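From a predicted model like this one, the values you see are computed outputs, not experimental measurements.
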Amino acid sequence: MKAKKPSPLKGRKLGPRKGPSPLKGRKLGPSPLKGRKLGPRKPKPLVVPLGVLEAVQKSKRAQIVEAIKPGIDALFGMEYKGTGQELSVDTLLQERAKSYGTFISLAKTAQEFKSVLYRELGSRNKRLADDQAEALDMILHKIARIINGNADHVDSWADIAGYSTLVAERLQGRSL
């Protein structure tokens with residue numbers, strides 16, 4: 001059996017060091033962290049060979065368009081007949097932009113209106129019924145379309161009257 005070597009720390013008192021610090025007078029260089037922003041690191045960009053991303057996007061886009069085509073048709077009042085001559089999504093968006101302005105511009109205007117609406121309702125502690133809130137959202141959306149697009153597009157004006165009528169009918173007990 002081997003004898004245990006005594007620990008070099010045995011009997012040493014722990015606490016502040018007596019005598020000069022070994023770092024005293026030593027010049028330290030600039031901090032390697034100086035000027036670096038701390039926080040989560042940004043992920044490295046994904047490198048995809050040329051052409052692959054475009055092919056995937058076109059494939060995915062075609063799948064999405066095929067999946068939502070019946071909904072788009074219903075939403076915009078078109079009937080899908082499967083003739084191969086249907087409007088592409090790009091063509092549809094270009095047509096809508098003529099009547100309503102670009103989507104980005106429309107969205108910005110509509111969201112500014114809605115922000116004012118909900119800020120003012122909140123400052124008055126007012127709560128709307130779901131149909132009232134939705135009608136006001138849609139009316140503001142239609143007003144944004146009028147401002148950003150063709151102000152003579154009659155559907156936008158008729159829709160505003162329609163949403164107001166739906167709420168008025170419910171309030172009068174004659175829900176449609």
Side-chain angles (χ1 to χ4, degrees), residues 37-176:
K37 293 180 182 175
L38 300 178
R41 291 184 176 210
K42 292 181 182 175
K44 292 183 179 178
L46 179 64
V47 179
V48 180
L50 286 175
V52 171
L53 186 59
E54 289 82 8
V56 169
Q57 287 175 332
K58 285 180 183 176
S59 171
K60 289 286 184 193
R61 187 175 189 174
Q63 290 172 358
I64 292 169
V65 168
E66 199 56 41
I68 65 172
K69 197 173 271 191
I72 291 173
D73 294 345
L75 182 64
F76 294 111
M78 298 181 306
E79 186 178 336
Y80 179 67
K81 296 177 183 170
T83 63
Q85 297 179 5
E86 297 80 21
L87 290 175
S88 71
V89 173
D90 289 338
T91 304
L92 181 65
L93 292 175
Q94 289 170 0
E95 289 297 315
R96 294 295 175 253
K98 288 178 188 173
S99 297
Y100 308 124
T102 66
F103 179 72
I104 297 295
S105 178
L106 169 71
K108 184 177 188 294
T109 304
Q111 290 305 309
E112 286 177 6
F113 285 154
K114 292 174 186 180
S115 174
V116 170
L117 170 69
Y118 288 105
R119 182 184 68 233
E120 293 302 316
L121 286 170
S123 72
R124 292 166 174 74
N125 289 325
K126 221 175 227 187
R127 186 148 163 74
L128 299 174
D130 289 341
D131 64 330
Q132 293 170 325
E134 186 63 20
L136 285 175
D137 275 354
M138 294 305 297
I139 289 168
L140 292 174
H141 180 82
K142 301 301 178 177
I143 292 171
R145 280 182 162 186
I146 292 167
I147 289 171
N148 285 285
N150 179 359
D152 295 330
H153 189 72
V154 71
D155 288 354
S156 296
W157 296 100
D159 288 347
I160 290 170
Y163 289 117
S164 297
T165 300
L166 289 170
V167 173
E169 292 290 322
R170 192 224 2 123
L171 293 173
Q172 294 171 351
R174 300 181 300 199
S175 292
L176 299 176

Over all atoms of both residues, closest heavy-atom pair of [X] and [Y]:
| X | Y | answer |
| --- | --- | --- |
| Asp131 | Arg170 | OD2-NE, 2.6 Å |
| Lys142 | Ser156 | CB-O, 4.0 Å |
| Ala144 | Ala110 | CB-N, 3.7 Å |
| Asp152 | Asn150 | N-OD1, 2.8 Å |
| Gln132 | Val167 | CG-CG1, 3.7 Å |

Euclidean distance, [Y] [atom2] relative to [X] [atom1], rounded to 0.5 Å:
| X | Y | atom1 | atom2 | answer |
| --- | --- | --- | --- | --- |
| Leu121 | Leu128 | CG | CG | 5.0 Å |
| Arg96 | Thr91 | CZ | OG1 | 11.5 Å |
| Ile160 | Thr165 | CD1 | OG1 | 11.5 Å |
| Lys108 | Glu112 | NZ | CD | 4.0 Å |

Heavy-atom distance under 4.5 Å between the side chains of [X] and [Y], does that happen here?
| X | Y | value |
| --- | --- | --- |
| Leu106 | Thr102 | no |
| Glu120 | Ser123 | yes |
| Trp157 | Ile146 | yes |
| Lys114 | Asp137 | yes |

### Query
Are Thr109 and Asn148 linked by a side-chain donor-acceptor pair shorter than 3.5 Å?
yes
### Query
Can you tell which of Glu95, His141, His153 makes a side-chain contact (heavy atoms from CB on, under 4.5 Å) with Tyr100?
His153
### Query
Can you check side-chain contact (heavy atoms from CB on, under 4.5 Å) on Ile147 and Phe113, steps first, answer last?
CA-CA 12 Å; Ile147 289 171; Phe113 285 154; 3.4 Å; yes
